Amino acid sequence: MKQHPLCTDTEQASHVMDMAIPAEMKREWATLQTRRHFLGRSGKVLGWAAMASLLGGRALKGDTHGPAYGQQGAPGADQLKLPQFAPKAKRAIYLFMSGGPSQVDLWDYKPGLAALYDKDIPDSVRGAQQLTGMTAGQARFPIAPSHWAFKRYGQTGTFVSDLLPYTGRIADDLAIIKSTNTEAINHEPAIMLMNTGNMNAGKPCLGSWLAYGLGSMNDNLPTFMVLQTKLNTHENNQPVSSRLWSSGFLSSEYAGVGLRSAGDPVLYLTDPDGVDREVRRNMLDAVNEINRQTYRELGDPETNARISQYEMAYRMQTSVPELADLSKEPKSTWDLYGPDAKEPGTFAYNCLMARRLAERGVRFTQIYKRGWDMHDNVTVTLPIICGEVDRACYALVTDLKQRGLLDDTLVVWAGEFGRTVYSQGGLTPDNYGRDHHPRCYTTWMTGGGVRTGITYGETDEYSYNVVKDPVTVRDFNATLLHCLGIDHNKLSYNFQGLDQKLTGPTPASVVQGLLA
Amino acid sequence: MAKGAKLDFNQDVQPILAANCFACHGPDPEMRKAGLRLDLGESAFKKRPGHPDAIVPGHPEQSELIKRIESTDSHHLMPQSPQGEAKPMKAADIAVLKEWIKEGAVYRPHWAFDKPVKAQAPAIAEAAGRGNRPNNPIDAFILARLNKEGLKPSPEADKATLIRRVTLDLTGLLPTPVEVWAFENDKSPQAYEHLVDGLLARPSYGEDRARYWLDYARYADTYGLHYDNSRDIWPYRDYVIRSFNTNKPFDQFAMEQIAGDLMPAKNLDPLIASGYVRLGVSSNEGGTIPEELRVNIARERAEAYGATFMGLTVGCAVCHDHKYDPTSQKDFYALTAFFNNIQEKPFNNDRPVWEPMARIPRPENQDSYNRVWARRSELAQRVRAVRLQERDLVGKWLASRQSLPQGVSPDKLLLRLRLDEGGGDVLKNSAPHPQQASFPIGKSKPQWGETTWLWPDFRMETSTRIQLGQTGDFEAGQGFSSGGWFMMRSAPNYSTYNESGSLLSKMDSTQHNRGWDISLEHGILYVDLVNEGPKELVVHKSADEKEPEPKKVKEAFQFPTPTDLTAKDLAPNKPKPKKEAEKKPEEKKAKKDDKPAEPKPPLDTTPLVAIRVSALDPLPLDGKWRHIFFTYDGSGKAAGVRLYVNGAPVATRVMSDTLGQATIKTQVPMLLGMRSPQENPARETRYQDIRFYGRAVTAEETRRLPFEDYVAEVAGKPAGQWSDDEWHVVSQFYFDSIDKEARDLEQQIAGLDAQLDKLSEGGDLTMVSWERPSIAYAHVLTRGIYTARTERVEANTPHFLPPLPAGMPHDRLALAKWTVSADNPLTARVTVNRMWSEVFGAGLVETTEDFGIMGQRPSNPELLDWLAVEFSESGWNIKHMYKLMVMSAAYRQSAKTTPQLVVKDPKNLLLARGPRFRMDGETLRDVALQSSGLLVAKIGGPSVKPYQPPSVWEQVGIGGSDTLVYEQQKGDALYRRSMYTYWKRMAMMPDMDAFDAPMRDVVCTRRQRTDTPLQALVTMNDVQWVEAARALAQRVIKEGGKQPEQRIDLMSEILLAHDPPPQMAAVLEGSIAQMEKHYAADPKDAARLLDVGEKKSDAAIPAPELAAWTMVASEMLNLDETLNK
């Protein structure tokens, strides 16, 4: 049937197998079944886009398959769903700071607070805010000014805490957002909101949306990879959960694949003891041959899918160890990332790995760094966590930049909320604690699509409320999608009768001020 | 669109309207544009002033709807996205709408909300079958549909394929070669039926059905959030297996899960079943706000119930009326109310079982236990029956004028804060002669109406400050009394230690605490009348005179939770604390640096001139309302102070008796919930009916204060004017204090409860539901925000479905009965549809979870309805339905397909060929274990921990969690069926995860089925699979004979139920030759391969030989044919 000239919606498009296209193409489609799954595309929703790229654009030009094809009114490239406009970034690396980093000790410089040490934060500032169960019972809310000095960095003269001397050096490359704010006040719901756009379980995460919407850029590695940072015994390690990289109601092929630092880099990747590559190859050849017989016998396209599925697994078995083999990294790498990067599972190691994944065409990499949840003992613990993160962030951004990758890679640094300017528990001249603070926190982004060298949004003199340019989690996510060429209103999936989106039903807006 | 056939609104038209129009012109009034509503005929045809008619029946050309969808002006064109962008419709859909209007625009109710009617099965000419005669009515419907599409059914599959398929579908396991041989050689016409009957009778049938049900019930072994600690509720899983195996009728099965605690019972099964309600995620995160968690838990339960029993996405109405279905927001919250009325705290205290729970007697006590249980259940049903007559009985009681409730004299009642305002800026003093008629609430508002007691309640937030003026300004020589209803805070990690603070106070902290107050310290009640004293009101004693340690309060459990539980019973899985010696040096150091010592304040040595009286025992921490009251006779002596809880005097001790007639008057105001405005209020406590009398209230009056006084007040009004809450209080009072039968019954029950506790000693605990006696209700929440309560709604079923049975309270039992009532249009359809989807790979309604307007239309509506009616008519006979399905010719067809068929019906929804699809992760692993002879066929019991790669749990968990470290078990635990594998929600078993098993943190009625490389990695490399391959190899070497062909034949018979065709045999023979050569040349590799897994390999078989066969077994385990059913 003919599509309406104004129609840009391929959501309702029929299955490829239902389309009036040459049988040869359908066969090709069927044999590519697994590749399609693996690349994060399904026949129904993004059929045309996927097909176009898999078949090297032939499908769109309609010049190789005769006139019948051209008459079908296939949408042209400009009507394809994704990306919806020329993306600035092709891939993204998300450094997730789980636990809630303290904005007032790291980024949100408030020199005026020193004079207010141990004074109660005025009720007018605090308002009738819901507090967590942890400080709700506190009689006083004494101000704890940051223990650390801030210095100016770069041409922009951006203030950065002495805890982040390396990150300070790339201040000119960052868009620092001081007005990020969230609705959730406890870890689980807040982390879920940041990662999936919803406080309750069951929704797909950002990475899954990207895998679903944009698909893969490589043949040998997953589209979306997750790296966990090794735990540090000083940390209050709020848990993370595999639901954070789950695909929710999207097909599970869009879920994040863990790249692990201990054991198999990808679960079950390594052949069993006593099985070498030759044995594996022979085994697969036999399996494939019998599967081909089965296909001839039964004609089930899934059988062909099975063959590609096993071949892809075989290729992954080669490409992942190559990815994880750092022996060929030059000395300059180690000079840049520091010695920590040699130890698998450290944040520095993961950052280096993220760069390698970006080079190899992985669409989305998310690194989890836990330990930011400092309800007490901030002056002891915060320097330790910053020490793990600071140089690695600097190294990653610098490395990407040197390799020309930063232009089309989006890098994001964010936690789930900030921390209170008032002390949780006892305040002494040497130490304090900070509770969860959803009303303002600092995040940063850089790379493709981002206007760098800026500070966006402002908080009041207590780093308590946003006073200018608030950025909600929805806006934040809408902006990330925009950098990747996606209109957040259009990246949707019909589930339970609703067009579900990462940004949810409440209107969200792309933060124009953050865009290059 | 077929020529000549009239359009069917449900099948043809409504899906188009729903997909294109309802978002803005549907049931949700908030989103409705231009006042146009298109989901109902009456509103679609309504005249709208200033707007042309949307639909003019018979005249598409006059209908604005058609003009708009055909418009070429992009501003005018409909439909549009919420962003105002035109999203034109397909030409075919436009044509359908035009035709429908031309035919008269007839609206019909949504198909799924109409009761299913059993249609006559179509008569099918035998020719259509081509030797594929319909076996039962299912086939008649299927063939009729295939005829319509111009498709032909496929011939019956060969016997080997058939026995493998049906054995896998009914038991989740493979047929053994012997079974295959027997079936192939049974030439009787009933051979297949006998086979099916035999399979339905196997215990593995119940296990396999249970495996599916656990997804629908969201069963897991951890509670899913934050610590994600263990949750021991495997007895529920055993119940499910048992129920399927005894073929418990589905109506009974469903009712027991929804409301087993309210049903008559002969044993514990219904109560264990009611654990279903509590299977959802739960939390104990420190900062969690109780109300938020309570609301989320009820919401999750309603969503799970909606998907599994109604096939509706009710959760869409959390924030607003459903955009497509008629489910209103009110409907949704009325549904949550059923699940919101359980005797539970929102927090789980990081325990694997938390109240309410039941203890299952050990087998030796089971019979005696069941006898007592049956008796108890009978009595409980009688109580229920008596209570059902509450309106009659209370009416008769009041009319009889016997034992009428007596109020307490309002003499010198100076303050009565009912705290029932429900909002606003002031609290009313409803005492007859108040000194001050009202008191302003400060700027920080309390919370109103989260729960209800005598009336919707009042909760102090931390920042709420209530000042009550000079009401309580009394002298030591004057008698006075004060108190009221209190409910102490319920919070995670909360102990009596935290339970400290003043309840009512008029005390001046700047004047050495002059005044009086009633307070809690570590859960112990204190009454103080003070002339002066030190800051903390302590009596300083000499060093050798030690203050006795306050008694540790034992947790007060209430039936059905056994009352004799210990802390150890409640935390059996707690990890052992790390010994200091095992800690790393940096851990120790971190601890030391933790908290700088704070300087001690100087000792306040003011002597205590005061009366100070305290209760001996702390109040239990159970989140219950308590009436707390003290009286003072003006004697200046401690003996003149009495303390009461729930109207009864409590044992006290005298801490200080030095007041005499010294003054206790102060200028500071009387305060509710704190001693001074600078101090912590008794945090988040709830209050009701707070009173101050300027006299010593007598013990007899105090007995009547908690209830009777209020009941007398209510009884003073005509019963017709009583609110539901008032009815509730009066009838509770009546049954507790007046009705002899009810009191007798309750007493007998209490006796039995004690026996049950005794008889269940040493048994396993499991979580269950237990209804509160109060009315089940909830609030509609604006945008789903837990603090934005609006209308209060009673528990009820959605308004567009048949009403609840009359004459019974709206509780879970009513919901359970309604769910399986003859009028319910959904339950039977939804259930048979899921059965269908388990067997055929896709439901007749593909969206098993959504039978609403946006769900898929049934591919064969008459068949679905026929099955649904058949199901209920058969007495909800589950085995009967599975048998019908697998006996059908449709099921028995060959799965062979053609490119044409793949194009025409890629998902095989019409069933022109037999079902064939990749099996679920559990079945695959079970098949590997079974074929290799490793499977341990034990049924039920706690979950087990087989092989898992390292640091899957550790990398996500939090220290202190009892599921931080995965401790793989040994022996049999490695080889149990996969449905017994420990299911941790925050870190799924990776082999199941790879095969699309859901996390079960939300309900799942339909698994996805993907093919990813990660799956191939599991089946090739997972220890479990490599070990299974070796065991299978060992088995064929020992049992198959000497020749490779023989061994290959056997392996094929085991896994595929047939001998390998020559081509396949050739490949495998080539492969074994190749592998043998390889491992003969490299025996070290062979030895390493044989060393994988815990089970030792058979040393009698030469290593290279076994290794080679292991690889061939692995090949066969990885075949497409093996992985598919």
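Being a predicted model, the structure only gives us computed values, none of them experimental. Order of the sequence lines fixes the chain letters, A, B, ..., with proteins taken first and strands second; residue numbering starts at 1 for each chain.
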Can you tell me which portion of [X] sits under 4.5 Å from chain A's heavy atoms? Options are side chain, backbone, both or neither.
X         : result
B/Met999  : side chain
B/Val952  : both
B/Gln1008 : side chain
B/Tyr1079 : side chain
B/Met1064 : both
B/Thr898  : neither
B/Glu954  : backbone
B/Ala1086 : neither
B/Asp325  : neither
B/Arg783  : side chain
B/His1078 : side chain

Output field: ring centroids B/Trp1025/A/Tyr268 closer than 6.0 Å: no
I want to check something: taking the side chain as every heavy atom from C-beta on, are [X] and [Y] in contact at a cut-off of under 4.5 Å?
X        : Y        : answer
B/Met854 : B/Phe22  : no
B/His322 : B/Ile853 : no
A/Tyr368 : A/Thr229 : no

Quick check for you: among [options], which has the greatest number of heavy-atom pairs under 4.5 Å with chain A?
options                                    : result
B/Pro998, B/Ser1071, B/Pro950              : B/Pro950
B/Val1023, B/Asp996, B/Leu1123, B/Asn1021  : B/Asn1021
B/Val1067, B/Thr1110, B/Val1002            : B/Val1067
B/Asp1085, B/Asp1120, B/Thr847, B/Asn1118  : B/Asp1120
B/Val1026, B/Leu901, B/Val1018, B/Val1092  : B/Val1018
B/Glu1121, B/Met1116, B/Lys1084, B/Gln1074 : B/Gln1074

Are the charged groups of [X] and [Y] less than 4.0 angstrom apart, N to O?
X        : Y         : result
A/Glu302 : B/Arg1009 : no
A/Arg281 : A/Glu311  : yes
B/Arg299 : B/Glu303  : yes

When only pairs under 4.5 Å are counted, which of [options] shares the most heavy-atom pairs with chain B?
options                                : answer
A/Leu284, A/Asp285, A/Asp300, A/Val240 : A/Val240
A/Pro507, A/Pro239, A/Ser261, A/Gly425 : A/Pro239
A/Gly299, A/Pro272, A/Pro505           : A/Pro272
A/Asp264, A/Val257, A/Asp276, A/Thr506 : A/Asp276
A/Ala313, A/Gly263, A/Gly258           : A/Ala313
A/Met199, A/Glu297, A/Glu278, A/Glu183 : A/Glu297

Does any heavy atom of chain B fall under 4.5 Å from the side chain of [X], the backbone, both, or neither of them?
X        : value
A/Tyr314 : neither
A/Thr303 : both
A/Thr270 : backbone
A/Asn200 : side chain
A/Glu188 : both

Report yes or no: does [X] contribute a side-chain atom to a donor-acceptor pair with the main-chain N or O of [Y] at less than 3.5 Å?
X         : Y         : value
A/Gln309  : B/Thr1012 : yes
B/Ser283  : B/Leu225  : no
B/Asn1124 : B/Arg918  : yes
A/Arg243  : B/Gly224  : yes
B/Gln1063 : A/Gln293  : no
B/Thr313  : B/Gly315  : no

Verdict with reasoning, B/Lys984 to B/Asp228, per salt bridge (Lys or Arg N to Asp or Glu O under 4.0 Å): CA-CA 8 Å; B/Lys984 177 174 162 72; B/Asp228 195 27; 2.9 Å; yes
Flag for B/Thr1010-A/Tyr254: side-chain donor and acceptor within less than 3.5 Å: no
Mutual orientation of the aromatic rings belonging to A/His375 and A/His187 [parallel < 30°, tilted 30-60°, perpendicular > 60°]: perpendicular
